[in-house]
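A single structure is presented below for examination.
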Protein chains: 2
Amino acid sequence: MAGKLRAAAASKDVFRRIRDVVGAKGVVPDSEAAPFLADQRGLYRGRAALIVRPASVEEVAEVVRLCAGAQVPVVPQGGNTGLVGASVPTESGGEIVVNLSRLNRIREIDALNNTLSAEAGCILADVRAAAAAAGRHFPLSMGSEGSCEIGGVLSTNAGGTEVLRYGMARDLVLGVEVVLPDGRVLDLMRRLRKDNTGYDLKQLFLGAEGTLGIVTAAVLKLFPKPVETATALVALRGLDSVPEFLARARAAANDAVTSFEYISGFGLSLVLSHMPGAENPLGRVFDHLVLIELSSADATSGLSERLERLLAAALETGIVTDAALARSEAQRAALWRLRETVPEAQTREGASIKHDVSVPVSAVPAFIEQASAAVTAALPGIRPVAFGHAGDGNIHFNLTQPEGADGAAFLARWADFNRLVHDIALAQGGSISAEHGIGRLKREEFARTAAPLEIEIMRRLKAALDPHGIMNPGKLL
Amino acid sequence: MAGKLRAAAASKDVFRRIRDVVGAKGVVPDSEAAPFLADQRGLYRGRAALIVRPASVEEVAEVVRLCAGAQVPVVPQGGNTGLVGASVPTESGGEIVVNLSRLNRIREIDALNNTLSAEAGCILADVRAAAAAAGRHFPLSMGSEGSCEIGGVLSTNAGGTEVLRYGMARDLVLGVEVVLPDGRVLDLMRRLRKDNTGYDLKQLFLGAEGTLGIVTAAVLKLFPKPVETATALVALRGLDSVPEFLARARAAANDAVTSFEYISGFGLSLVLSHMPGAENPLGRVFDHLVLIELSSADATSGLSERLERLLAAALETGIVTDAALARSEAQRAALWRLRETVPEAQTREGASIKHDVSVPVSAVPAFIEQASAAVTAALPGIRPVAFGHAGDGNIHFNLTQPEGADGAAFLARWADFNRLVHDIALAQGGSISAEHGIGRLKREEFARTAAPLEIEIMRRLKAALDPHGIMNPGKLL
């Protein structure tokens, strides 16, 4: 009892000292705490002993140092737009949320080196805008880019619509700055394309969901700014044509293939039914569609002609059955809206159970076929909506409830359907989380499906870097 | 004394059991041991208690398990073409060399997924040929590709001439299989473009020089096969034009810029003097030259015209002063020979002290200027030959002895000049090892120049994965 009281008093003292470090502006008052304690989808709502918003790396480091001394758990948080609950505190009430949003300085842009150094709290759209202002392109792009922050984007290794060409978040980083679980600052802010001096430490912190330290800044790769795009909605003969058409496109247009997004015919029909203004540019709703986009930094590269040639050749062989090319920026935007509003249209149709799986690109057809058959056998009338980044093998295989069924009863089977779909993806050599991460949402599924040796090695790394386990407890592992 | 005898007997027993595991064909007899105990440049010559060549992953695992039990140190070895002595045993005589050359199976090629799975002992050129036979390109390319092996290439994170476009070895890997220091097999052979399930363990083993485990196989990324190239030797107005011309080239030709190699005028003059058949395609020997190559998988992409337009525009602005385009495959090969024979020509000119540094691309001019001035101040008459992968900021800044000087006396100053040049690279935010690694050659320089916290974290990771320190002792850390 006395020990407990002493511990409580010590914690109180720590919290007072942390408040001193960040100052009045750095403490979120209880009245404004709500958005820091829940995720945007409302799946998780936690509690926190304190929510701080440090204004500098030094303040972050000092806060973590104090937390380490008192073994107070730390939850790093950015724009809090994640989809797996990794940036929300648990219900324990003993954690400190360290929100990075005030660290929002772009430290440097070096156009000749094609690098941009940004702090963790920089909003993704602002980084993209800063790159564009310097005549460069930062190719991470996703729905949440107006509010998600660089620290979170890197800590979750975000994907998005340009992965096929430019890679995931972790592929776009040359250097990081990390506050370690003991409060020391590990400065790996190198701006180098090539550096073979020991283990690549930065990769450990990217995608680690804040469990090994807090990413406070990063050196990001920039690219030539695309000045020309060519975009088409393409109907394919069958699922088998998806990887085949991708291979043809890459052979014909090389690295210019920037996006290759699959939409099932049923997904498109939901969009056409529910989304105001949505129009089908093709003659009818085909079963299998792909939104393909080429882009180039060279205005003279004749992308449209190349795309037309590609489509003409594929029409001739029969793997493409119809296609609509965007003839204007407005038409291009309309095509992208068809793809981007699939989740929203699905929500309007009823309850849905979501997946973010990946398989080898060559296994996309088999995965969609097998998973569709399995969920239909488990629940006749269920309506799978497969869509997503097929060029990367990443399918958002989301299940719409049977017509007229009870939504809540359907959602109660979420975990069952997850297991069913995940096992099919895994049997194809796939992953249960292609781009969203593990966080809290997939922690049990990860523990169920990962190889024990893999988990053991991850735990050893965690123990090596965070021996007291204060960094984002209850997430990932 | 009794303890020592017991230990010796136990070791003897271990060596006997290891011989049983690999069989007679798997043991290298003393009479054939020499090439396994020295590096190709003859900088290092070590001793080994046993040299084995296991024939399967299971045999590798069993050998390592036995070594772990007896705490016998293990030196993983591939083609043994490394430049820093990482694959050569030390002089202790107590180590086992585990040569992977017999694990040389290409396990799978999946053209639609653009992946190739190969065992560690596959020779790089064979992997490139297998990819080409499947209509694909594996873009790791370097002088030693006829004898270096995949395991070594990945364990040293090799670079080469196509890094600018495709990345280093670590960027070309989707999955690995690793025998851990306790002999268990960590199977991370996923063929996925996107997989956000926990820490990216594979990155830890890539570039680790065998200090954390033995890479026994990998899933490699393939790309569309280039069918067209356009190559030119370009004279630039000054050093400052190097990053500027690169930026123009990337803007004009996008991702098609595959190689961008700097050659100093003095480097070219050595080649013209010493290499039979070498001819200068330009009017005279300019001070600063770049070999640029574009490549495309699309035969209709008009690369030559794009390169010509780029050069014409750059000539007009004055940053390019002369250029020679390859008009045939023979001319292209001749241009590449000018670049590739620089080290050989330098050797023929006399003794040379070598560097493999990198700096931000924007800092390449400042680095070359400052380093040239510093070495000249330290030794009047010294002749710097700067060349290499300028597009990645990677300069092989090699120093030829003053004319008529004593070669041995010059080489005796190797470490002094290393420190001088490394400190200038580091001051520019650079690296002391861009692509060759640390191994034994740069271990002291690494310890001298790296941040203590960075070394500490590397040591913690090493201890977490290899608590008894049996993997490749005396290398890297």
Side-chain angles (χ1 to χ4, degrees), chain A residues 110 112-113 157 159 163 168 170 184 186-187 190-201 203-204 207-208 224 243-244 247 250-255 296-298 301 358 360-362 392-394 429-438 446 450-451 453-454 457-458 460-461 464-465 476, chain B residues 110 112-113 157 159 163 168 170 184 186-187 190-201 203-204 207-208 224 243-244 247 250-255 296-298 301 358 360-362 392-394 429-438 446 450-451 453-454 457-458 460-461 464-465 476:
Chain A
D110 181 346
L112 284 181
N113 194 42
N157 184 29
V163 173
M168 301 278 285
R170 74 163 71 252
R184 288 185 294 175
L186 181 63
D187 179 354
R190 287 190 275 260
R191 302 182 293 130
L192 303 172
R193 250 69 191 177
K194 297 172 83 170
D195 177 26
N196 256 358
T197 53
Y199 312 147
D200 190 357
L201 297 182
Q203 287 298 341
L204 209 46
E244 199 183 329
R250 295 191 74 193
N254 227 347
D255 303 328
S296 171
D298 173 14
S301 58
S358 65
V361 174
S362 51
D392 316 307
N394 178 192
S431 167
I432 66 164
S433 187
E435 61 176 6
H436 296 167
I438 301 296
F446 180 48
L453 182 55
E454 214 173 317
I457 301 296
M458 288 188 197
R460 277 205 242 169
L461 297 176
L465 291 178
L476 212 174
Chain B
D110 181 347
L112 285 181
N113 193 43
N157 184 29
V163 173
M168 301 279 283
R170 71 163 73 252
R184 289 184 295 175
L186 181 63
D187 179 356
R190 288 191 275 261
R191 302 182 293 129
L192 302 172
R193 251 69 191 175
K194 296 172 84 170
D195 177 26
N196 255 356
T197 52
Y199 312 146
D200 191 355
L201 297 182
Q203 288 297 341
L204 209 46
E244 200 184 329
R250 296 191 73 191
N254 228 347
D255 303 329
S296 171
D298 174 14
S301 57
S358 65
V361 174
S362 51
D392 317 307
N394 179 189
S431 168
I432 66 163
S433 186
E435 61 175 7
H436 296 168
I438 301 297
F446 181 48
L453 183 55
E454 214 172 318
I457 300 296
M458 288 186 197
R460 277 205 240 168
L461 297 176
L465 291 178
L476 211 174

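In what follows, every chain begins at residue 1, and chains take the letters A, B, ... in the order their sequences are listed. Here the structure is a predicted model, which is why all the values come from computation and not from measurement.
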Checking heavy atoms, do the side chain of A251(B), its backbone, both or neither come under 4.5 Å from chain A?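 A251(B) touches chain A through backbone heavy atoms alone.
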Tell me, side chain or backbone of A252(B) under 4.5 Å from chain A's heavy atoms, or both, or neither?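 Backbone only.
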Would L201(A) and L461(B) count as a side chain to side chain contact (heavy atoms under 4.5 Å, CB included) here? Give the steps. CA-CA 10 Å; L201(A) 297 182; L461(B) 297 176; 3.5 Å; yes
Pick one of side chain, backbone, both or neither for R190(B), based on which atoms fall under 4.5 Å of a heavy atom in chain A. side chain
Chain A interface, residue from R460(B), R250(B), K194(B) that has the most non-hydrogen pairs under 4.5 Å: K194(B)
Would a 4.5 Å heavy-atom cut-off, applied to side chains only, mark Y199(B) and L476(A) as touching?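 Yes. Closest side-chain heavy atoms under 4.5 Å.
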For S362(A) and N113(B), the nearest pair of non-hydrogen atoms, with its separation, is OG-CB, 3.6 Å
What option among I432(B), D187(B), D110(B) has the most heavy-atom pairs under 4.5 Å with chain A?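 Of the candidates given, the most pairs with chain A belong to D110(B).
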Among the options E435(B), H436(B), R193(B), pick out the one with the most heavy-atom pairs lying under 4.5 Å from chain A. E435(B)
Could you measure the distance from the CG atom of D255(B) to the CG atom of D298(A)? Nearest 0.5 Å is fine.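 Those atoms lie 11.0 Å apart.
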Among the options G159(B), S296(B), A247(B), pick out the one with the most heavy-atom pairs lying under 4.5 Å from chain A. S296(B)
Can you tell me how far CZ of R184(A) sits from CD1 of I457(B), rounded to the nearest 0.5 angstrom?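 Answer for the CD1-CZ pair, I457(B) versus R184(A), is 6.0 Å.
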Under 4.5 Å between any side-chain heavy atoms of L112(A) and V361(B), yes or no? no
If you look at every heavy atom in T197(A) and S431(B), which pair is closest and at what distance?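 The answer is CG2-OG, 3.5 Å.
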Heavy-atom proximity to chain A below 4.5 Å, by part of L192(B):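 The side chain, not the backbone.
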Could you have a look at S358(B), P360(B), G198(B) and say which one has the most heavy-atom pairs with chain A under 4.5 angstrom? P360(B)
Output the distance between atom CG (D392(B)) and atom CG (D195(A)), rounded to the nearest 0.5 Å.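 Rounded to the nearest 0.5 Å, the CG-CG separation comes to 12.5 Å.
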Nearest 0.5 angstrom please: N196(B) CG to F446(A) CZ, how far?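 Atom-to-atom, N196(B):CG and F446(A):CZ are 10.5 Å apart.
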Which bit of M458(B) comes within less than 4.5 Å of chain A, counting heavy atoms only: side chain, backbone, both or neither? both
